[in-house]
Structure formats: structure tokens, C-alpha cells
Amino acid sequence: MKKKILQADNPVTEVHDLTVTYDRKPVLWDIDLTLPKGSVIGVMGPNGAGKSTLIKAMMGLLPLASGYVKMFDEKLDDVREQVSYVPQRGTVDWDFPALVKDVVLMGRYSKIGLFKRPRQSDKEIAMDCLRKVNMEAFAERQISQLSGGQQQRVFLARALAQHADLYFMDEPFVGVDMATEKAIVDLLQEMSAKGKTVVVVHHDLQTARQYFDWIVLLNTRLVASGPTKEVLTDELLAETYGGKLTLLNEVSQEIKNKEFPNREE
Amino acid sequence: MNDLLIILTASFVAISCSLLGCFLVLRKMTMVADAISHAVLPGIVIAFLLSGSRDSMVMLAGAAAFGILTTFLIELFHLKGGLQSDASIGVTFTWLFALGVILISVFAGQVDLDQDCVLYGEIAYVPIDLWITKSGTIMGPRALWISAIVMVIIIAFILLAYKELYLTTFDPAFAAAIGISTTLWHYLLMSMVSLVSVASFESVGAILVVALIVTPPATAYLLTRELKKMLILSVIIGVITSVGGFYLAYALDGSIAGAMATVGGILFGLAFLFSPTDGYISRFRRKTNKAAMINALQE
Ligand SMILES: Nc1ncnc2c1ncn2[C@@H]1O[C@H](COP(=O)(O)OP(=O)(O)OP(=O)(O)O)[C@@H](O)[C@H]1O
Ligand SMILES: [Mg+2]
């Protein structure tokens, strides 16, 4: 099996010998990786590869069959406040009686503390984050009255409002239009320049090259982890997406075209 | 005066139930409340047998313990046994309720309780059952005091923990991710449900507790799109239900608990038909308006 697993010089998070099983069937097998601080990181792989599972396992939302995870060199429970999470959109009831601004404010809860009420400053931060995802006009709307892409942006705003140092985002761009996606990626890259780390589950190989500094390729086992240039190769992609060759040929063609691009933008 | 005492007791119970009910409805867990309100019976009987008195504090403790046991068993069968959650609720509470019924019949001589009273309650007797302190002062009806104290506890709980309850209800995964324990809040909420069930089992009975937990919040849900407003509306609807139910029972000379559940059902029906946002009629109007528009466009 082809593999390329590089270690980060300045790791923000480390995963050691991680195995996760559902009903004794392993969905992640012996994952060992480090992710660099201050970068935008893509996690890619086919459906069912275990991308969401990896994120949930790293966030401590699932029991681990073996292995451990460290963040900022500490146990996760000691640094939760510095870590934020954007779940896959389908996980909540969008008919819930909540306004957009209330959902974004939830991002502040870990900063506010138990039993205390949100302060004015928390509300301002929430509005500010809504502005960043271009949704301030929708602050007073009920969340069921949003389109799928707008709901996704509300989740993003909520994570931003947490002012964390490490973000995990599970397919944050599903249903988001290209212009907004581009604006949000710019924002993420800006954040990474300030030393924040963003881990994004992403499906689009074409945009991956521009978006990410570092890429993790996953298919139950870890196929690759390293700087984008070294990891996005035909061989490693074939290993990850195995089988689906016709599709892959198209994809690698696409990537070759990008390698000698006539960049106009 | 007696009427007022009954109405007050019923309203206090309605307020507690409606507030908790909002979170249960949104968590899609109203059937757990149904289960708890029945399953506290053996706890009450055992507490009664052990202490030999109807001392409310002992009974509250016994019932709360069984409420938590019920919650725990439901989770256990569902998560560890792989049973569907509705089946696991059904198994747990019928068994526990049956245990309570058997305990009552075995110790019939010693237990001054009967299962009809647990199911239907006897709110009409509220004014008769007085709380008399050791020094002999008459404090007023026992049920009134208990329901008032429980209501204060529930209101304080929701005011204090509003944002934790809100988040763990809406998005448990995010709550867990930022370190708010969903299990802890689940159990706290269920303990509150047990508390309300016991505190009201004698006065309004298990069936009305369930009606008050489900119906006012469900009605409020149809009328608003904001949790805070849903809580407030639900309280108002709960109080209307108990006051209206009392007078309906008075007019018909019928069961008070039955009349209250009926009024709750009527209010729900009205909201279902006439709610400006979600009502059947406004939806129907929107549909016909649209049809008219399409017709007009085609002509
Ligand atoms: N709750 C669960 N119980 C049992 N199996 C599960 C559960 N959740 C996921 N799986 C299985 O685990 C594997 C990995 O799932 P996961 O959701 O992590 O995939 P993914 O890479 O995020 O896929 P996608 O691209 O579709 O989001 C899949 O084979 C899936 O069927
Ligand atoms: Mg996924």
C-alpha cells in the first residue's frame, strides 16, 4: 500500500494509534498523524471513509477503541475552550424555535460560563461573526426560514464566535455558493496567518489545491498527511479513492491542468 | 375560597409542567415524561412503607430516585441493548408501574393509596388535606404548598440553566464539543420531571401531568418561533387550561382533571386551525392564494 505520512514541525494536534469501531467493525484503523499550527488543513476521502468519525473522535465525541489525541500538547478536556466544531448540517432539527442570532450566540457559551447570561460584548461578537459570513441581515430570522447554504453559514458564524485557536469543520461548504465559499476561505486563510488552525472536511479535489496548506487523505486507514503539494499526487489519490478509476482519471487530468495554469484571477 | 385553592394548585402544577414540557417536546421526549409519571409509583409506595408516613419529603425522595432509575433503564436498554427508544420506554414504565400496583395490593392494609388516585388524581380533595405543623398551626392545603415549592424550584432551574438546556436540546454534538455534558443535563431535566410527577400525582394524577407536559407546549410551538416566547406562551396556556378546566368541570359537574385535559385539547385544536404562522387555515389560504395567482397568470 502506497503511503506518505509526514510529521508537522510545529504540531497543534497529535493523533496516536487511533482506532474507532462501530459495532466492532473498524471505521478508522491505527491513525497516527500530526497537524501543523497556523494552517488550513483539508481532510479528504470517499464517502464512508471515516472523515466525520475522525473529527468526532478527535473532539472526544466518540469512544475510542484505542489510541489517544493531544491538542496544544494537552488532553482535550483541559483545552476545550480553545477548540471549536462545525457539525455536518444534517445533525440538528432546523425547525427548532431559535433565531439566527441566538444560534450564533451559542458559540459564546463556553466563554460565558455556567449559569451566567450572555453579556452585551458577547452579543456584539455574535453580530460581528454573522457579518463575516455575510448573514447580518438574517439575524432576526427563525432558522427554519433559511436556505441550506444560509444555515451552513450560521453554523460557521457560531464557530467563529467562539474565538477558538483550533477549528474542526465538517463539510462547511455544502450548499454554499461559490462567492460565499471563496469569501469564507479567505477569512480562514486570514485566521491561519494569525496562528489559528482550521481543519476542514472537503470533497472538491479541484479547489483543494488552492484552499489548503496541508492535506490528510483518508480511507479507513491513513493514506497521506502532508503539505498539499506533496500529497495531492495521482498515486496517493488512486490509493485513497481506489477502484473509481474513470472518475479518478478525470480528476487527475483536472489536476494536471491546474499544474500549469493560466491563472487569470 | 376552596375553589381558589384548587385553581391555584392546578395552576402551579400547570406552570411547572408547561415549562419542562417545552424542552421535552423539543427533545422529542414527551413519552419519557409519560413513563416517569407512571414509574414513580413504586418509589412512592416503598418510601411510604419504609417511613410509615405520608411525609412529603420522604415520598419526594423515593419518587425522584425511581424517576432517575427509569431514565437510566430507558437509556440502558436503548443504548446498550440496541432496543428502539419507544420500545425501551414501554418496557420500562409498564413494568415499574405494575410493580407499584402489586406493592399497593400486597400491602393494602398498610398503604393508604390507590392506583386510581395515582392515575386520575383527586384535585377536588386538595382543600381538605391540610398541612398542620407540629405546634398545631394550620398552614393550609398540603398539595398547594408542595406544588408552589416545586414550581419555584422549576422556575429557578430554568432561569439559571436556560442556556445549557437550550444548547443541549438544540445541538447536543456542539454542546458536547464545547464541554457541556449532555448526559448530565438530560438527567437533571428528568429529575425535575420526576419531581413534578410526584408533587402532583395526588392532586392531578399521572395522566393529567402528561397532558399538561405535552399539550400547552405543543400549542405554544404552533404559535411562535422563539424558545423564550414559547416558554411564556406555554405557561399562559397552561394556566388557562387549569382555570378553564375547573369551571368546565363545575358547569358539567364532572371530573376536574378530565375537564382540564379537555380544555387543553380544545386550545391545541384552535391553535392548529388558526395559528397565523403554522395554522391549517393560514396554510390553506396561502395555498389557495397561490392557486389564484397561478390562475391569474395563466389567463
Ligand atoms: N453511528 C454509526 N453506527 C454505525 N456505523 C456508522 C455510524 N456512523 C458512521 N458509521 C460508518 O462508519 C463509516 C465512516 O463514516 P463517516 O460518517 O465517518 O464517513 P465520512 O467519511 O464522513 O463520509 P461522508 O463523506 O459521507 O460524510 C461508514 O462506513 C459508516 O457507515
Ligand atoms: Mg461525513
Side-chain angles (χ1 to χ4, degrees), chain A residues 23 52 55-56 58-63 76-103 105-118 122 140-145 154-155 158-159 161-162 164 166-168 170, chain B residues 21-29 79-82 155-185 188 217-234 271 275-278 283 286:
Chain A
D23 305 322
S52 300
I55 297 227
K56 285 186 204 151
M58 290 175 79
M59 295 288 306
L61 302 177
L62 285 174
L76 174 65
D77 276 329
D78 301 331
V79 288
R80 271 204 192 272
E81 215 185 284
Q82 286 162 263
V83 185
S84 189
Y85 176 47
V86 180
Q88 246 176 318
R89 183 165 53 86
T91 55
V92 306
D93 171 14
W94 286 98
D95 279 329
F96 200 90
L99 302 184
V100 166
K101 58 174 188 183
D102 298 333
V103 174
L105 200 56
M106 288 174 187
R108 302 298 304 159
Y109 283 9
S110 59
K111 296 272 192 293
I112 298 169
L114 194 64
F115 299 142
K116 294 205 200 81
R117 280 159 192 279
D122 294 310
E140 303 287 335
R141 281 260 189 119
Q142 205 249 334
I143 53 172
S144 68
Q145 299 165 342
V154 172
F155 264 12
R158 178 176 70 175
Q162 203 179 327
L166 175 57
Y167 294 83
F168 289 94
D170 200 344
Chain B
C22 286
F23 292 101
L24 295 174
V25 166
L26 292 172
R27 286 168 177 245
K28 307 187 174 61
M29 282 191 342
L79 294 180
K80 297 278 171 330
I155 291 177
F157 173 66
I158 287 177
L159 283 181
L160 272 176
Y162 177 76
K163 75 180 196 308
E164 283 75 16
L165 287 168
Y166 188 16
L167 180 56
T168 52
T169 305
F170 172 62
D171 191 349
F174 185 78
I178 65 173
I180 297 177
S181 164
T182 45
T183 319
L184 173 72
W185 287 101
L188 281 175
T219 312
Y221 180 81
L222 293 179
L223 297 174
T224 175
R225 289 268 159 244
E226 234 180 298
L227 181 58
K228 263 186 197 138
K229 289 186 189 149
M230 180 175 162
L231 287 164
I232 294 168
L233 269 176
S234 172
S275 159
T277 48
D278 265 343
R283 280 187 194 197
R286 254 173 265 155

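In what follows, chains carry the letters A, B, and so on, assigned in the order in which the sequence lines appear, proteins first and then strands, with residues in each chain numbered from 1. Bear in mind the structure is a predicted one, so any value in this text is a computation, not a measurement.
Residues B/Y166 and A/D102 meet the side-chain proximity criterion, which asks for heavy atoms closer than 4.5 Å. Looking at heavy atoms from C-beta onward, B/T224 lies out of side-chain contact with A/P97 at the 4.5 angstrom threshold. Contact annotation: the side chain of A/D93 approaches that of B/K28 to within less than 4.5 Å [non-hydrogen atoms, C-beta and beyond]. In this structure, A/I143 and B/F170 have side chains that are in contact, with non-hydrogen atoms separated by less than 4.5 Å. For the pair B/Y162 and A/R117, the minimum side-chain heavy-atom distance is 4.5 Å or more. Looking at heavy atoms from C-beta onward, A/D95 lies in side-chain contact with B/Y221 at the 4.5 angstrom threshold.
Note that the CZ atom of B/R225 and the CD atom of A/E140 stand 15.5 Å from one another [nearest 0.5 Å]. Atom NZ of B/K229 is separated from atom CG of A/L99 by 7.0 Å, given to the nearest 0.5 angstrom.
Annotation: side chain to side chain contact (heavy atoms under 4.5 Å, CB included) contacts of B/L184 (sequence neighbours excluded): B/S181, B/L188.
The two residues B/E164 and A/F115 come nearest to each other via the heavy atoms OE2-N, 3.5 Å.
Between chain A and the options B/L227, B/T169, B/D171, heavy-atom pairs under 4.5 Å are most frequent for B/D171. Of the listed residues (A/G60, A/A98, A/G107), the one with the most heavy-atom contacts under 4.5 Å to chain B is A/A98. Heavy-atom pairs under 4.5 Å with chain A peak, among B/A176, B/G179, B/A175, at B/A176.
The neighbour count for B/K228 NZ, taken as heavy atoms of other residues, nucleotides or ligands under 6.0 Å away, does not exceed 12.
Proximity of a side-chain donor or acceptor of B/K163 to a complementary backbone N or O of A/K116 within less than 3.5 Å is detected. Remark: side-chain polar atoms of A/R80 are paired, donor with acceptor, to backbone N or O of B/A177 under 3.5 angstrom.
When each of B/I178, B/I180, B/L167 is tested with A/S110 by the rule side chain to side chain contact (heavy atoms under 4.5 Å, CB included), just one qualifies, namely B/I178.
In this structure, chain B has no heavy atom under 4.5 Å from any part of A/F168.
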